[in-house]
Amino acid sequence: MTDADPSTILQGLRGSIDNIDAALIFLLAERFRCTKQVGVLKAKHGMPASDPAREEQQIARLMRLAEDADLDPAFAEKWFNFVVAEVIRHHRTAAAQPHD
Ligand SMILES: O=C(O)C(=O)C[C@]1(C(=O)O)C=C[C@@H](O)C=C1
């Protein structure tokens with residue numbers, strides 16, 4: 001990566017960034033497909049939208065994984081909290097719908 005034209009290098013890196021962003025979108029979509037089913041299950045059985053004990057375990061695990069992957073663990077925690085806030089919003093919406 002030394003002598004190549006910088007704009008060629010940039011183009012190659014951007015290609016990888018675009019592939020990674022696409023994979024992240026697909027993974028997030030799959031995660032929300034699962035959590036929507038969790039929301040319906042919880043709503044049907046009168047279970048609370050959030051489970052703080054489960055979240056604590058998830059955060060501890062993700063922060064360990066982030067450290068191993070050389071990713072800022074505080075960033076991993078922020079990302080998780082951001083996603084879970086949206087999941088809980090979906091769960092509350094599901095609970096407010098009529099269900100049998
Ligand atoms: O596992 C659950 O009970 C969920 O509702 C899923 C989930 C998550 O997105 O991982 C979301 C909210 C809970 O507080 C904990 C975890």
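Only heavy atoms go into these numbers, but all of them, side chains included; no hydrogens, no water, no symmetry mates. First listed ligand is number 1; within each ligand, the first listed atom is number 1. Here the structure is a predicted model, which is why all the values come from computation and not from measurement.
With respect to the salt-bridge test (charged N to carboxylate O, under 4.0 angstrom), the residues Arg89 and Glu86 qualify.
Once rounded to the nearest 0.5 Å, the distance linking CG of Leu13 with OG1 of Thr8 reads 11.0 Å. Here the CG atom belonging to Leu71 is positioned 10.5 Å from the CE atom belonging to Met63, to the nearest 0.5 angstrom.
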> Passes salt bridge (charged side-chain N to carboxylate O under 4.0 Å, His left out), Glu67 versus Arg64? Steps please.
Replying inline: CA-CA 5 Å; Glu67 264 186 56; Arg64 281 196 306 273; over 6 Å; no

Write 'none' if nothing qualifies; otherwise put on separate lines each N/O atom of ligand 1 with a protein N/O atom under 3.5 Å away and their distance to 0.1 Å.
unit_1: ligand 1; atom_1: 3 (O); unit_2: Lys42; atom_2: NZ; d: 2.7
unit_1: ligand 1; atom_1: 5 (O); unit_2: Lys42; atom_2: NZ; d: 2.9
unit_1: ligand 1; atom_1: 5 (O); unit_2: His91; atom_2: NE2; d: 2.8
unit_1: ligand 1; atom_1: 9 (O); unit_2: Arg31; atom_2: NH1; d: 2.9
unit_1: ligand 1; atom_1: 9 (O); unit_2: Arg31; atom_2: NH2; d: 3.4
unit_1: ligand 1; atom_1: 10 (O); unit_2: Arg31; atom_2: NH2; d: 2.8
unit_1: ligand 1; atom_1: 10 (O); unit_2: Gln58; atom_2: NE2; d: 2.8
unit_1: ligand 1; atom_1: 14 (O); unit_2: Asp51; atom_2: N; d: 2.7
unit_1: ligand 1; atom_1: 14 (O); unit_2: Glu55; atom_2: OE2; d: 2.4

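Residues forming a ring-ring contact (aromatic ring centres under 6.0 Å, His included) with Phe32 (at least two apart in sequence, or on another chain): His90.
At a threshold of 4.5 Å between non-hydrogen side-chain atoms, the residues Lys78 and Asp72 do not count as touching.
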